[in-house]
Amino acid sequence: MYNVTENYKTSMAETVRNPSYLKITFGIISQTGAESSVISANSNDIYSTPNNIDISTNVVDKIYAKLLPNNCVLDGNTAMLPESNFAYQGYSSVYYSSDNGTFLNVPKLTIEFSEPFAAAGLIFTFDALYDNYPTNIRVLCYNNGVLIDTITDTPNSSQYVFNKQIPSNDYADKIEIEFLSTNYPNRNIRLSNIVFGIFKSFGNNDIETATFEREVDTLTSKLPKETFSFTIYDENNLYNPENPTGIWRYLENGQTIEAQLGYELNDGEIEWVQMCKNVVNGEVKSESNGAINKTTFSTTSLLGFLDNKYYKGVYSSTPTSLYDLAIAILEDSDLPLDDSGNVRYEIDSSLQNITTSMPLPVDSAKNLLQLIANAGMCLLYTDRNGRIIIKPADLTLDTDFKYDFNNIYGLPVLNKYPALKNVVVTYNNVSVESGNSELLKIDVEQTDDAVFEFDYSAATNISLSVSSGLTITTSPVYYAQRCVVGLSGSGTVTINGNKIVTDEQTYTQNFNEMGEDCPVNNKIITTLSHAKTYGNWVAGYVQMRNEYTIEDRGYPEIDCGDVVLADTNFSIDSECLIAQSNIEFNGAIKGKTKYYLKEGV
């Protein structure tokens with residue numbers, strides 16, 4: 001549960017609520033810009049590193065001291081220049097402005113892109129320690145050596161947003177940024193960071209409606225649902241995908257969107273609840289009734305965005321921990337770091353003690369994480385700060401919150417499941433065939449040097465051979481179910497190995513003479529002891545037979561997996577496990593919640 005103040009709790013419980021607010025911020029950032037750029041300068045101090053200024057985690061803590069007019073170097077913000085091993089300084093020009101602040105020799109950055117480039121703007125961080133910055137900037141955009149656009153702007157602070165599209169209505173393969181003058185005379189240009197894009201924010205005046213949907217399966221038998229959609233008033237069609245000069249073309253899949261719900265306390269202060277850091281999934285809907293243009297955005301959690309295929313599972317005679325498997329998948333997914341430069345996931349250490357002999361199958365990263373979390377008897381979800389979490393549920397009761405007939409609409413709707421008779425766990429005994437056999441034989445047509453991926457049944461001790469006419473140009477890399485190799489020419493590829501054999505077994509645990517069986521199957525459970533522990537874990541949740549759905553006043557602080565008190569039609573102060581918590585916003589909020597009664601065994 002999100003931590004809120006006592007004033008918030010008291011005010012939210014009042015019969016008439018104060019106003020609610022929604023704040024949405026997102027970066028319209030060109031991800032390919034930083035990845036495909038090479039930055040150079042026409043004038044550099046010896047410690048200047050212009051090609052690193054587009055790395056967002058680089059920060060200038062202290063600048064190297066220089067004797068400049070009206071500039072104190074004994075205030076703790078400067079350091080003496082060492083002979084080597086320079087600290088990060090970003091870009092620092094050799095050229096200095098004149099007594100009137102203009103440059104005779106203009107400092108210039110040249111940024112070349114290997115992919116077509118366009119951005120909704122630029123964000124500059126200049127010398128924030130001493131508030132030195134240029135007062136005139138000129139950006140020249142080129143495509144195939146032809147100047148296609150020239151844009152100018154006049155910064156007024158050391159942290160400045162160049163809020164103009166670059167280029168205006170085309171794509172560039174090179175831009176030049178010229179710094180024409182400075183706010184103080186006799187200064188050089190210091191630029192610690194540049195971001196290819198801008199940040200936008202929406203508030204109550206911009207937003208028509210918004211919906212947060214959060215649902216976590218207590219058994220992790222399926223992926224969580226973690227979506228956020230919102231509709232804005234788009235007066236100038238800036239976000240309409242049909243607008244060729246609009247901002248939509250910069251909203252690439254994977255852009256981060258952050259949302260916070262605010263509530264006005266009785267003293268007039270607004271308390272904000274962090275709701276999500278999701279990513280744009282590419283879905284957009286624009287509509288107009290002639291007078292009002294509206295655009296709807298859909299987002300999903302970082303976990304829901306992990307559609308990349310993971311195929312690097314391998315067999316090991318020593319069982320591998322689920323922790324190591326999860327880390328391997330997340331590292332292979334190349335997730336962006338958070339704003340503090342930390343990884344955006346947390347894997348509970350308990351998974352270090354749970355192992356498997358089964359190599360991971362070829363599947364999407366998110367599906368494999370779900371498989372691991374289920375086998376590890378953990379919840380899988382994305383937290384409010386956009387981090388992927390795999391950890392056991394904390395079933396500790398939170399006594400500070402309760403659903404009762406004062407904060408829900410109507411009566412709870414009950415769905416009662418049959419009693420549990422047996423949990424039937426299917427698991428796999430894993431072995432390796434002693435003999436080496438052919439896994440794949442395939443003809444390759446005439447080809448230039450290219451990388452091939454060959455799939456086959458799970459195996460180990462794998463080898464690849466080619467017939468005459470084929471040349472191996474890149475050494476093969478072997479995984480349990482895939483080989484990646486570079487080839488040229490034409491001929492036949494043969495792959496051999498020792499097949500991995502799985503023998504399905506079942507473990508049945510009885511709980512009642514009458515009722516329904518609950519069959520469960522996780523292919524990476526490979527020991528009887530694991531199957532027994534897993535079966536008990538499954539039963540603990542399946543025996544929560546009473547599922548309730550309620551319409552409520554909306555409580556943004558509630559998380560899926562929380563255990564709180566609830567009154568039902570025939571019980572008072574019953575402990576319940578939250579499985580779904582949805583919030584709708586249209587200037588006010590309301591909620592829809594699903595929970596399981598822990599006493600309903």
Side-chain angles (χ1 to χ4, degrees), residues 1-2 12 210-229 259 261 273 275-276 278 300-301 303-304 370 373-374 377-384 389 391-420 516 518 520 537-585 589-601:
M1 184 177 294
Y2 191 84
M12 286 282 280
T211 302
F212 300 88
E213 294 184 293
R214 298 173 295 176
E215 184 173 6
V216 174
D217 180 39
T218 52
L219 290 176
T220 321
S221 59
K222 61 182 180 180
L223 288 165
K225 184 175 185 179
E226 301 165 322
T227 62
F228 169 53
S229 60
L261 278 172
V273 174
M275 294 300 293
C276 66
N278 277 13
T300 187
S301 66
L303 174 65
Q370 178 262 319
N374 175 261
M377 296 161 284
C378 290
L379 293 179
L380 170 65
Y381 62 96
T382 309
D383 72 7
R384 294 171 183 262
I389 308 294
K391 68 177 183 180
D394 180 2
L395 299 181
T396 304
L397 174 65
D398 191 323
T399 57
D400 286 342
F401 185 88
K402 178 181 174 179
Y403 285 111
D404 58 31
F405 292 104
N406 293 317
N407 58 19
I408 68 173
Y409 303 116
L411 298 175
V413 177
L414 170 64
N415 183 15
K416 191 174 185 70
Y417 294 99
L420 173 65
E516 288 189 352
C518 176
V520 285
W537 173 74
V538 169
Y541 287 105
V542 175
Q543 290 182 98
M544 296 183 190
R545 298 167 54 200
N546 293 350
E547 176 192 281
Y548 290 91
T549 302
I550 58 173
E551 305 281 343
D552 57 76
R553 300 183 72 190
Y555 294 91
E557 66 270 29
I558 293 292
D559 285 314
C560 293
D562 286 344
V563 178
V564 300
L565 294 175
D567 292 346
T568 70
N569 300 323
F570 296 98
S571 66
I572 301 296
D573 289 344
S574 297
E575 292 188 24
C576 62
L577 174 65
I578 305 296
Q580 177 183 336
S581 178
N582 295 347
I583 299 287
E584 292 185 8
F585 172 88
I589 62 172
K590 65 178 181 178
K592 182 177 182 180
T593 305
K594 181 172 72 177
Y595 59 80
Y596 295 98
L597 210 63
K598 289 182 67 179
E599 292 85 352
V601 178

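Model, not experiment: these values are computed from the prediction. The analysis underlying the following values was restricted to heavy atoms, covering all of them including side chains, and did not include hydrogens, waters or symmetry mates. Along the sequence shown, the residues carry numbers beginning at 1.
For the pair V542 and L420, the minimum side-chain heavy-atom distance is below 4.5 Å. A heavy-atom distance below 4.5 Å is found between the side chains of L577 and Y541. In this structure the side chain of D559 never reaches within 4.5 angstrom of the side chain of Y381, judged on heavy atoms. Within the 4.5 Å cutoff, the side chain of M275 has heavy atoms near those of the P556 side chain. Here the side chains of N407 and D552 are not in contact, with every heavy-atom distance at 4.5 Å or above. F401 is listed as a side-chain neighbour of M1, based on a closest heavy-atom distance under 4.5 Å. Considering only heavy atoms from C-beta on, Y555 stays 4.5 Å or farther from I589 through its side chain.
Once rounded to the nearest 0.5 Å, the distance linking NZ of K594 with OG1 of T549 reads 6.5 Å. If you take CG on L397 and CD on E575, they are separated by 4.5 Å, rounding to the nearest 0.5 Å. Between L565 atom CG and D573 atom CG the span is 5.0 Å, to the nearest 0.5 Å. Distance CG/N582 to CD/E551: 9.5 Å, rounded to 0.5 Å. Distance CG/L380 to CD1/I389: 9.5 Å, rounded to 0.5 Å. To the nearest 0.5 Å, the span separating SG on C518 from CG on L219 amounts to 7.0 Å.
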Verdict with reasoning, R214 to I578, per side chain to side chain contact (heavy atoms under 4.5 Å, CB included): CA-CA 10 Å; R214 298 173 295 176; I578 305 296; over 6 Å; no
Residue pair Q370, D217: steps toward the side chain to side chain contact (heavy atoms under 4.5 Å, CB included) verdict: CA-CA 10 Å; Q370 178 262 319; D217 180 39; over 6 Å; no
Side chain to side chain contact (heavy atoms under 4.5 Å, CB included) evaluation trace for N569 with L414: CA-CA 9 Å; N569 300 323; L414 170 64; 5.6 Å; no
Audit row: I558, T593, side chain to side chain contact (heavy atoms under 4.5 Å, CB included) steps and yes/no: CA-CA 10 Å; I558 293 292; T593 305; 5.5 Å; no
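Applying the salt bridge (Lys or Arg N to Asp or Glu O under 4.0 Å) rule to D404 yields no partners; only residues at least two apart in sequence or on another chain are considered. Among residues two or more places apart in sequence or in another chain, the salt bridge (Lys or Arg N to Asp or Glu O under 4.0 Å) test is passed with E516 by none. With sequence neighbours excluded, the residues forming a ring pair (Phe, Tyr, Trp, His ring centres under 6.0 Å) with Y548 are Y595, listed by chain and number.
Counting all heavy atoms, side chain and backbone alike, I583 lies closest to G554 at CD1-CA, 3.8 Å. Scanning both residues, D398 and D400, for their nearest heavy atoms gives OD1-N, 3.0 Å. Contact record, C560 with A579: SG-O, 3.6 Å, taken as the closest heavy-atom pair. Among all heavy-atom pairs drawn from S301 and N278, the shortest one is CA-OD1, 3.6 Å. Closest non-hydrogen pair, I550 versus Y403, comes out as CD1-CD2, 3.5 Å.
Side-chain atoms of R384 never come within 3.5 Å of backbone atoms of V273 as a donor-acceptor pair (strictly under, hydrogens ignored).
Within a 6.0 Å radius of NZ in K402, more than 12 heavy atoms belonging to other residues, nucleotides or ligands are found.
Side-chain atoms of E547 and Y417 include a donor-acceptor pair closer than 3.5 Å.
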